[in-house]
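Accompanying notes for the structure given below.
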Amino acid sequence: MSEEDILRLVRQYCAEIYVVDPAAVTPQTTFEDDLESDSMSVLELRAALGGHGLDIDPSDFTAEMTVGDVARLAHRSYLARHTAG
């Protein structure tokens, strides 16, 4: 799975979870300011991504992150999981 594929998934889930127009969710969209994220919605996003084998350590997630930041973290997790020997 490419980082672009993961970014599409993150954007899709953010649009669903935060009930916003999918076109409004860009890599620069912030969780705190733009999506007004709370801890429950972050858990929901983590669970949705986890269903695709994309695990993000909760300690790595901060409210100041962007959608692009989360996609990069998820991609690193994916690569670590699928390239481990």
Side-chain angles (χ1 to χ4, degrees):
M1 187 176 295
S2 72
E3 188 171 333
E4 188 61 34
D5 293 334
I6 293 171
L7 177 59
R8 272 193 290 279
L9 272 177
V10 173
R11 290 179 67 200
Q12 171 191 334
Y13 284 125
C14 284
E16 292 173 13
I17 292 166
Y18 296 99
V19 191
V20 296
D21 180 357
V25 181
T26 69
Q28 295 78 30
T29 299
T30 63
F31 285 88
E32 184 174 51
D33 295 332
D34 298 325
L35 297 175
E36 300 178 3
S37 184
D38 62 20
S39 59
M40 291 304 292
S41 55
V42 169
L43 287 174
E44 191 174 347
L45 177 60
R46 287 186 60 244
L49 294 173
H52 294 274
L54 304 171
D55 299 318
I56 298 174
D57 189 318
S59 65
D60 289 338
F61 194 97
T62 65
E64 297 84 21
M65 293 182 88
T66 65
V67 168
D69 294 333
V70 169
R72 281 186 289 282
L73 281 175
H75 187 246
R76 274 190 235 135
S77 166
Y78 175 84
L79 289 176
R81 185 175 208 175
H82 290 87
T83 59

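Nothing fancy with the numbering, it's 1 onward along the sequence.
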Minimum heavy-atom distance [X]-[Y], with the two atoms named:
| X | Y | value |
| --- | --- | --- |
| I6 | M1 | CG1-SD, 3.4 Å |
| F31 | V70 | CE1-CG2, 3.4 Å |
| T29 | D34 | CA-OD2, 3.4 Å |
| V20 | C14 | CG2-O, 4.2 Å |
| R46 | P58 | NH2-CD, 3.4 Å |
| P22 | A15 | CA-CB, 3.7 Å |

* To do: Please collect all side chain to side chain donor-acceptor pair (under 3.5 Å) contacts where either partner lies in residues 8-17, sequence neighbours excluded, each pair once.
  => D5-R8, Q12-E16, Y13-H52
* Quick one: list whatever passes salt bridge (Lys or Arg N to Asp or Glu O under 4.0 Å) with R72, sequence neighbours left out. =>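 Checked R72 against salt bridge (Lys or Arg N to Asp or Glu O under 4.0 Å); matches are D69.
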* Asked: Is there a side-chain contact between V25 and Y18, using heavy atoms and a 4.5 Å cut-off?
  -> no
* Asked: Does a side-chain heavy-atom distance below 4.5 Å link D55 with Y78?
  -> no
* Structure fact -> In this structure, CG of L45 is separated from CD1 of I56 (nearest 0.5 Å) by 6.5 Å
* Calculate, to the nearest 0.5 Å, the distance between atoms CG and OG1 belonging to D33 and T66 respectively. => 12.0 Å
* Hey, any chance L79 and L54 share a hydrophobic cluster, counting ILVMFWY side chains that come within less than 4.5 Å of each other, even indirectly? -> yes
* Quick one: hydrophobic cluster around V19, which other residues, with the 4.5 Å side-chain cut-off, linked directly or via members? -> none
